[in-house]
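Structure, as structure tokens:
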Amino acid sequence: MNQYLHYKKHTTSVFGLPLAVLFSCMLFLFSAVSVAQVKSAADVSEIKIGEQITFRVEVEADSTDLVVFPEGATFLPLEIIESYDIDTTKNAEKFNLIKKYGLTQFDSGAYTIPRQKIIINDKTLFTDSLKIIVNPVVIDTTKQGLYAIKPIISVDKSSSNWWKIALIILFAIALVAALLYWFVWRKKPLTEEEKIALLPPYDRAKLALKQLDEHRYLEEESYKEYYSELTLAIRRYLDEKVYDHALESTTDELISRLYLLKEGNQIDLSPETIKNLESIFKRADLVKFAKSSPDKELAKFDRKTIDEEIDHVKEVLPEPSEEEKLLNEQYKEAQERKKKRRKIIISALVVLGLLVATFVGFGFKYGFNYVKDTMLGNNSLELLEGNWVTSDYGFPPIIISTPEVLKRIESDSVSSDNAQVDYTTFNFGSLGNNLNITLNTATLKNQKPEDSINLVAVSEKAIQDLENKGATTIIVKNEKFVTPNNAEGLKTFGYAQFPIGKSESFVEGEYILLHFTTKNIIQQIIIIWQKDDEYAVDMAERIENSVELKPTAE
């Protein structure tokens, strides 16, 4: 009785039950309700490689509840084949939301579907984790014959659209060439003026008189035009064959010059020819300047006289010497060379103009440095725009995309602080180049399970290794790094001066060190590039964003 009173004195009760017991019951009920809200199950627990697992999540909720199901890479190490739409069924006053996922795995082993987070309003619930066995495909060698390994064969590259680009370029070149030929190099038909200009002076003078007859100057009493054309025909002939100032000379000056040439025995013109020319020239001056109107028959007679005097002038002209003929041929050849040179200059200017216009146009669209590097060639740009390779390296596998396949570097085991370390190294480029990629996987043989690996210390050791290789003025920054598939590691980055090969020259560059650890394994990715190489900067960013750690089977 005293014990009971003592117990009652020091214990609070509700409805006759101790508070501790009541609290435990409420906690149990709350847990039962919470667990009852989310159910999960898989249709099978064992599959063969590549077969599908249907993972089902069922949530009981009100119509006003906000339910968020998992998406993305939360099912790793299993891969999502398909995320199905949510099915909804009504159960009394509640709704059952059913979400299904198609999962698979292409490596044999034992895997665990991680606990999946379900958010209902502001409450977070988790499904149970499930163990899945992935069995290899068993081959019956009694039924399936074994064959020798096939030799390596070359495989043609997949077709690309390069031929379309080549056709466009060829079409553009052909179009420019056709336009240049048509407007510059083509031998164009001669105009009437050009044909007349190519005639000898005597033929041109005769043709001018013939064209004068075709006009109706006399019928229309246009004596001024008639005598202008008449005297112009003989003056041009004299200008080219006798006196090279005949066109701009007055009548008196031209006649005086003809007498001087005759007296100097330079041309054997008869006095009668000179008098006839003087008479016609003076009559023409009266018609043109004094508005004289001669008789029509006299005008016709003057035309006949000019025709005859042109023949007389031709008869007395000396035959050109061999030297004059040679000079004439040389003059024609020089004129042809001048025309050809002019065509070449025009063609070169057109091509140069098109190239400049193309460069400026593409420069405004894509950037002048990019166009220049594309035309002249740039190793970093070729790597950036080439066919990148995504591959697994080391074990556990590191998935990474690089401009070219990383080459395996043979390395021996190293003993450090009484610990045996096996290294696996893959590399591209060298220190001081535009881009250098190194991937290391270190396995600590004597690492105890309870001993943890300090990634900060590993990063400091990597920086020390860079210094040993000649890097100076190293600026170091550290931050947490998470891969797209949620693997966490340490990112060390900054600037440094890196040596160029074995020379004493240095180049300013940037670097990124990515470190990951699992059990007794350290995984390291080193990316180093020149600071002033914009294409290397883009490549480094692309490589960093591609890094993933492939989980291994348990």
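- Residue pairs meeting the ring-ring contact (aromatic ring centres under 6.0 Å, His included) criterion with at least one member in residues 281-307: none, sequence neighbours excluded.
- By the side-chain contact (heavy atoms from CB on, under 4.5 Å) test, Phe364 is found to be paired with Val360, Phe368, residues two or more places apart in sequence or in another chain being considered.
- Salt-bridge formation is detected for the pair Lys461/Asp465: a Lys NZ or Arg NE/NH1/NH2 atom is positioned less than 4.0 Å from an Asp or Glu carboxylate oxygen.
- Side-chain contact of Trp388 with Ser546: a donor-acceptor pair under 3.5 Å is absent, judged by distance alone.
- A distance-only check finds no donor-acceptor pair linking the side chain of Arg186 to the backbone of Tyr181 [under 3.5 Å].
- Using modelled atom types and a 3.5 Å distance limit, the side chains of His312 and Glu315 yield no donor-acceptor pair.
- With 3.5 Å as the limit, one finds no donor-acceptor pair spanning the side chains of Tyr227 and Asp285.
- Side-chain contact check for Phe428 versus Thr402: every heavy-atom pair is 4.5 Å or farther apart.
- When each of Asn478, Leu455, Ile526, Val458 is checked for a side chain to side chain contact (heavy atoms under 4.5 Å, CB included) with Thr492, only Asn478 meets the rule.
- Side-chain N/O atoms of Thr273 and Asn276 include no donor and acceptor closer than 3.5 Å.
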Please report the C-alpha distance between Asn379 and Tyr535 in whole Å, then the side-chain angles of each, then the deciding distance to 0.1 Å, and finally whether the side-chain hydrogen bond (donor to acceptor under 3.5 Å, both in side chains) criterion is met.
CA-CA 9 Å; Asn379 184 54; Tyr535 309 117; over 6 Å; no

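- No cation-pi contact links Lys262 to Tyr259, judged by a cut-off of 6.0 Å to the six-membered ring centre and 45° from its axis.
- Checked for salt-bridge contact, Asp203 and Lys314 miss the test: no charged N lies under 4.0 Å from a carboxylate O.
- For the 3.5 Å distance criterion, the side chains of Thr483 and Asn485 qualify, holding a donor opposite an acceptor.
- Using a 4.0 Å cut-off between charged nitrogen and carboxylate oxygen, Glu214 and Lys210 do not count as a salt-bridge pair.
- Between Ile521 and Thr517 the shortest side-chain heavy-atom distance does not fall below 4.5 Å.
- Comment: Glu508 engages Lys531 in a salt bridge, judged by a side-chain N to carboxylate O separation of less than 4.0 angstrom.
- The pair Lys296-Glu219 does not meet the salt-bridge criterion, since no charged nitrogen lies less than 4.0 angstrom from a carboxylate oxygen.
- No hydrogens or angles considered: nothing links the side chains of Ser430 and Asn436 as a donor-acceptor pair under 3.5 Å.
- Classification of the His245-Tyr243 ring pair by plane angle, with boundaries at 30° and 60°, yields perpendicular.
- Residue Ile400 holds its CD1 atom at 12.0 Å from CZ of Arg542, rounded to the nearest 0.5 Å.
- A donor atom on one side chain and an acceptor atom on the other are not found under 3.5 Å apart for Thr424 and Thr441.
- Atom CD in Gln530 sits 7.5 Å away from atom CG in Asn433 (nearest 0.5 Å).
- Of the possible donor and acceptor atoms, one in the side chain of Arg235 sits under 3.5 Å from a partner among the backbone N and O of Ser249.
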